[in-house]
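Position 1 is the first residue of the sequence; numbering continues from there.
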Amino acid sequence: MPANIVLAIFLLTPLVSVALYRNAYNRLPLPPGPRALPFIGNLLSIPRADKYPWRVYAEWMQLYGDIIHMKVLGRNIIVLNSLRAVQDLIERRTSTYQDRGTTEIIKLAGWDWSLGMMDYGRRWREHRQLFHQFFNEQAVRAYEPYLRDGARSLLKRLYHTPEDPIRHFDYVITETILSMTYGIHAVGEDDVYVKLLQASGESIEEGLVAGSFWVDFLPALKYVPSWMPGTSWQKKVARWNKETESVREVPWANMVSNTPIPSIAANLSERIDELDGDEHAKLQEISKNVCAVVYAGELTPGGAGTLSAALQTLIFAMVLHPEAQNRAQQELDQVVGSERLPDFADAGSLPYTRALLKECMRWQPVAPLSVPRRRILHDPETFPEPDEFRPERYLKDGMLNPDMIDPAAVVFGTGRR
């Protein structure tokens with residue numbers, strides 16, 4: 001019987017990682033990698049996030065190639081160290097390498113209802129199908145009014161208090177997603193739904209960092225009584241679980257239906273009301289999870305938190321590269337003028353501005369959850385002079401080059417997920 005291969009993205013190693021399980025009857029050869037120590041394997045070899053880990057993996061690529069094997073406490077990990085390897089395994093063989101391999105902390109913290117962290121199977125496919133109905137290329141156009149209002153709200157906040165842009169980014173993105181998903185309008189930064197999301201953020205920041213909790217490597221630790229020494233992590237994870245469940249339950253229970261543009265939850269609620277029995281319960285559960293995925297996207301990998309970080313990178317890049325800012329401003333002045341704000345219909349006429357946004361996403365990938373992607377986005381074979389900020393790399397004959405890799409495909413994840 002062939003080996004069962006399960007992919008798992010390791011969040012604080014600058015690569016896409018694959019958890020590979022082999023049965024006793026089929027010992028397939030593994031790729032090369034750093035030498036492992038007895039019992040703990042390569043646990044001490046994994047570079048810390050504050051030590052520029054992508055540089056370590058770049059050095060390893062020169063020694064071992066773009067597919068590397070590590071072993072941590074008996075768990076085999078295959079590290080994909082280049083975009084070519086990621087595309088070959090995750091995109092071209094997506095049916096084989098679909099699963100992320102849910103960790104114990106994800107389950108204990110209560111995030112296993114999230115589409116991005118759910119085990120691959122029938123349940124995942126049902127959730128993804130419903131999510132796709134509301135977020136395919138055509139469907140997302142219905143949300144343009146929400147995004148337009150959010151952009152204007154952000155500009156007003158930046159105008160009145162420009163000294164704290166990050167706070168404005170985080171709040172307006174949350175406010176916009178909350179309105180779009182549940183029809184709920186936040187009433188300021190102390191709003192209960194804003195605070196709810198902030199409270200649950202700790203479980204993402206700590207719990208989803210690979211290697212933060214021994215229980216991920218030794219699952220039996222979850223059965224150790226909480227009164228024993230060294231089990232304080234259990235109380236923390238139990239608190240996380242309650243906060244995570246609130247993210248899923250509270251806004252759903254308080255959705256607003258009579259909005260000018262029906263929210264996602266309101267649309268789903270109408271469908272649910274038409275069903276009875278098991279079908280009613282099943283669709284309600286899936287709908288509740290899908291809406292929570294959108295709402296909690298500010299926290300989860302590849303979600304709206306990426307948007308906030310990308311806006312922060314934009315400011316940083318414009319300060320360091322005023323020539324790029326001037327060129328983008330000239331394009332905006334020429335296409336949009338000074339009498340109105342840019343709108344979605346203008347996108348096709350703003351190639352340099354769009355290229356600049358792509359370069360922001362590639363140049364400084366989101367941290368900490370997108371650190372795995374930095375090595376790929378700074379691969380000199382794909383992006384020559386990767387440390388340079390060069391929006392022009394995406395242009396050809398004055399237009400966006402369709403043959404150039406879009407950093408969004410890496411930042412927001414590869415494969416069907």
Trainee: So does Asn289 get a backbone contact from the side chain of Arg248, meaning a donor-acceptor N/O pair under 3.5 Å?
Mentor: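 Looks like no, no N/O pair under 3.5 Å.
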
Trainee: Do any pairs count as a salt bridge (Lys or Arg N to Asp or Glu O under 4.0 Å) and have a residue in residues 397-408, sequence neighbours left out, and if so which ones?
Mentor: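 Salt bridge (Lys or Arg N to Asp or Glu O under 4.0 Å) check on residues 397-408 returns Lys358-Asp406.
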
Trainee: Heavy-atom distance under 4.5 Å between the side chains of Asn401 and Tyr394, does that happen here?
Mentor: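 Asn401 does not reach Tyr394 side chain to side chain.
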
Trainee: Does any non-hydrogen side-chain atom of Ser45 lie less than 4.5 Å from one of Leu37?
Mentor: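 Of all side-chain heavy-atom pairs linking Ser45 with Leu37, none is under 4.5 Å.
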
Trainee: Check ring-ring contact (aromatic ring centres under 6.0 Å, His included) between His321 and all other residues, then give those that pass, not counting sequence neighbours.
Mentor: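 ring-ring contact (aromatic ring centres under 6.0 Å, His included) check on His321 returns Trp363, Phe389.
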
Trainee: What is the minimum heavy-atom distance between Gly110 and Thr244, and which atoms define it?
Mentor: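 Closest pair (atom of Gly110, atom of Thr244, distance): O-CG2, 3.3 Å.
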
Trainee: Would a distance-only check, ignoring hydrogens and angles, find a side-chain to backbone donor-acceptor pair under 3.5 Å from Ser153 to Asp149?
Mentor: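 Not at all, since once roles are kept as given, no pair shorter than 3.5 Å links the two residues.
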
Trainee: Using a 4.5 Å cut-off on heavy atoms from C-beta on, say whether the side chain of Tyr146 contacts that of Ile261.
Mentor: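 With C-beta onward as the side chain, the pair touches.
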
Trainee: Quick one: does Asn241's side chain have a donor or acceptor within less than 3.5 Å of a partner on Val237's backbone?
Mentor: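 No, because the side chain of Asn241 does not come within donor-acceptor range (under 3.5 Å) of the backbone of Val237.
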
Trainee: Other residues, nucleotides and ligands only: do more than 12 of their heavy atoms fall within 6.0 Å of CD1 on Ile166?
Mentor: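 No - once you tally the heavy atoms of other residues, nucleotides and ligands closer than 6.0 Å, there are 12 at most.
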
Trainee: List the atom of Ser263, the atom of Gly183, and the distance in Å for their closest heavy-atom pair.
Mentor: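 Residues Ser263 and Gly183, closest heavy atoms: CB-N, 3.4 Å.
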
Trainee: I'd like to know if the side chain of Asn136 and the backbone of His132 have a donor-acceptor N/O pair within less than 3.5 Å.
Mentor: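 Yes; at least one donor-acceptor contact below 3.5 Å.
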
Trainee: Sub-3.5 Å donor-acceptor pair from the side chain of Ser269 to the main-chain atoms of Ala265, do we have one?
Mentor: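 It does not hold such a pair.
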
Trainee: Using a 6.0 Å cut-off, check whether atom CZ of Arg340 has over 12 heavy atoms from anything other than its own residue.
Mentor: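 Yes - once you tally the heavy atoms of other residues, nucleotides and ligands closer than 6.0 Å, there are more than 12.
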
Trainee: Looking only at heavy atoms, what is the nearest atom pair of Ser246 and Pro251, with distance?
Mentor: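 Distance-wise, the nearest heavy atoms are O-CD, 3.5 Å.
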
Trainee: To the nearest 0.5 Å, how far apart are CG in Asn76 and NZ in Lys71?
Mentor: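 Asn76 CG to Lys71 NZ: 5.0 Å, rounded to 0.5 Å.
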
Trainee: I'd like to check Ser338 versus Asp333 (side-chain heavy atoms, cut-off strictly below 4.5 Å). Are they in contact?
Mentor: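 Side-chain contact under 4.5 Å: no.
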
Trainee: With a 4.5 Å heavy-atom cut-off, do Pro32 and His69 have their side chains touching?
Mentor: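 No. Closest side-chain heavy atoms not under 4.5 Å.
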
Trainee: With heavy-atom distances below 4.5 Å as the criterion, would you say the side chains of Arg393 and Arg362 are in contact?
Mentor: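 Side chain of Arg393 against side chain of Arg362, heavy atoms only: contact under 4.5 Å found.
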
Trainee: I need the Glu243 CD to Leu196 CG distance, nearest 0.5 Å.
Mentor: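 With rounding to 0.5 Å, CD (Glu243) is 8.0 Å from CG (Leu196).
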
Trainee: Which residue pairs satisfy the salt bridge (Lys or Arg N to Asp or Glu O under 4.0 Å) criterion with at least one member in residues 318-330, sequence neighbours excluded?
Mentor: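 The answer is Arg327-Glu392.
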
Trainee: Whether the side chain of Asn42 engages the backbone of Arg35 through a donor-acceptor N/O pair (distance < 3.5 Å, no angle test) should be reported.
Mentor: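 Side chain of Asn42 to backbone of Arg35, a donor-acceptor pair under 3.5 Å: yes, one is there.
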
Trainee: Determine whether Met361 and Thr313 make a side-chain contact, defined as any pair of heavy atoms from C-beta on separated by less than 4.5 Å.
Mentor: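 Met361 does not reach Thr313 side chain to side chain.
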
Trainee: Pairs under 3.5 angstrom only: tabulate donor-acceptor contacts from the side chains of residues 138-145 to other protein residues two or more places apart or in another chain.
Mentor:
unit_1: Gln138; atom_1: OE1; unit_2: Arg141; atom_2: NH1; d: 3.4
unit_1: Tyr143; atom_1: OH; unit_2: Phe134; atom_2: O; d: 2.7

Trainee: Test side chain to side chain contact (heavy atoms under 4.5 Å, CB included) on Asp191 and Ile184; report intermediate values, then the result.
Mentor: CA-CA 11 Å; Asp191 185 270; Ile184 298 172; 5.5 Å; no

Trainee: Would you check, one step at a time, whether the test side chain to side chain contact (heavy atoms under 4.5 Å, CB included) holds for Asp112 with Met118?
Mentor: CA-CA 5 Å; Asp112 52 341; Met118 190 181 295; over 6 Å; no

Trainee: OH of Tyr159: more than 12 outside heavy atoms within 6.0 angstrom?
Mentor: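 Counting other residues, nucleotides and ligands, OH of Tyr159 stays at 12 neighbours or fewer.
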
Trainee: If you count every heavy atom of other residues, nucleotides or ligands that lies below 6.0 Å from Glu279 atom CD, does the total exceed 12?
Mentor: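 No, not enclosed.
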
Trainee: Going from CG on Asp66 to CG on Leu80, what distance comes out if it is rounded to the nearest 0.5 angstrom?
Mentor: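 Those atoms lie 8.5 Å apart.
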
Trainee: Is a side-chain donor-acceptor pair under 3.5 Å present for Thr353 with Glu331?
Mentor: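 Yes.
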
Trainee: Please name the pair of heavy atoms, one in Leu314 and one in Leu356, separated by the smallest distance, quoted to 0.1 Å.
Mentor: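 In this case the closest contact between Leu314 and Leu356 is CD1-CD2, 3.4 Å.
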
Trainee: If I take atom CG from residue Leu63 and atom CE from residue Met61, how far apart are they, to the nearest 0.5 angstrom?
Mentor: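 Those atoms lie 11.5 Å apart.
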
Trainee: Should the pair Arg390-Glu359 be classified as a salt bridge under the 4.0 Å nitrogen-to-oxygen rule?
Mentor: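 Result for this pair is no, no salt bridge flagged.
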
Trainee: Closer than 4.0 angstrom, basic N to acidic O: yes or no for Arg157 and Glu189?
Mentor: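 Looking at Arg157 and Glu189, the cut-off is met.
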
Trainee: Please list all pairs passing the ring-ring contact (aromatic ring centres under 6.0 Å, His included) test where one or both residues lie in residues 237-270, with sequence neighbours left out.
Mentor: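 Qualifying pairs: Phe213-Trp240.
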
Trainee: So for atom CD, which belongs to Glu339, do other residues, nucleotides or ligands contribute more than 12 heavy atoms lying within a distance under 6.0 Å?
Mentor: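 It does not: Glu339 CD has 12 such atoms or fewer within range.
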
Trainee: With ring-ring contact (aromatic ring centres under 6.0 Å, His included) as the rule and sequence neighbours excluded, what pairs involving residues 174-202 come up?
Mentor: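 Qualifying pairs, neighbours excluded: Tyr182-Tyr295.
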
Trainee: Any chance you could measure Lys236, atom NZ, to Thr231, atom OG1, to the nearest 0.5 Å?
Mentor: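 Lys236 atom NZ to Thr231 atom OG1 measures 13.0 Å (nearest 0.5 Å).
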
Trainee: Checking Leu395 against Leu400 for the side chain to side chain contact (heavy atoms under 4.5 Å, CB included) test, could you report, in this order, the C-alpha distance in whole Å, the side-chain angles of both residues, the deciding distance, and whether it holds?
Mentor: CA-CA 4 Å; Leu395 299 175; Leu400 287 177; 4.0 Å; yes

Trainee: Starting at CD of Glu285, measure out to CG of Leu283 and round the result to the nearest 0.5 Å.
Mentor: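 Glu285 atom CD to Leu283 atom CG measures 10.5 Å (nearest 0.5 Å).
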
Trainee: Between Leu115 and Arg128, which heavy-atom pair has the shortest distance, and what is it?
Mentor: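 Result for this residue pair: CD1-N, 3.7 Å.
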
Trainee: For a 4.5 angstrom cut-off between non-hydrogen side-chain atoms, does Ile40 reach Val72?
Mentor: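 When only atoms from C-beta onward are counted, Val72 and Ile40 do not touch, as no gap falls below 4.5 Å.
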
Trainee: Okay, side chain of Ser200, backbone of Leu197: is any donor-acceptor separation there less than 3.5 Å?
Mentor: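 Checked: pair present.
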
Trainee: Any side-chain to backbone donor/acceptor pair from Asp379 onto Glu381? Under 3.5 Å, distance only.
Mentor: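 The answer is yes, because a donor-acceptor pair under 3.5 Å joins these two groups.
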
Trainee: Could you walk me through whether Phe383 and His378 pass side chain to side chain contact (heavy atoms under 4.5 Å, CB included), step by step?
Mentor: CA-CA 6 Å; Phe383 302 99; His378 281 243; over 6 Å; no

Trainee: For Asn326 and Gln330, test the side chains for any donor-to-acceptor distance below 3.5 angstrom and give the result as yes or no.
Mentor: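 Checked: Asn326/Gln330 side chains show no N/O donor-acceptor pair below 3.5 Å.
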
Trainee: Please check: side-chain N/O of Thr174 versus main-chain N/O of Asp170, any donor-acceptor pairing under 3.5 Å?
Mentor: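 Indeed, once roles are kept as given, a pair shorter than 3.5 Å links the two residues.
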
Trainee: Looking only at heavy atoms, what is the nearest atom pair of Glu104 and Asp216, with distance?
Mentor: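 Result for this residue pair: N-OD1, 3.1 Å.
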
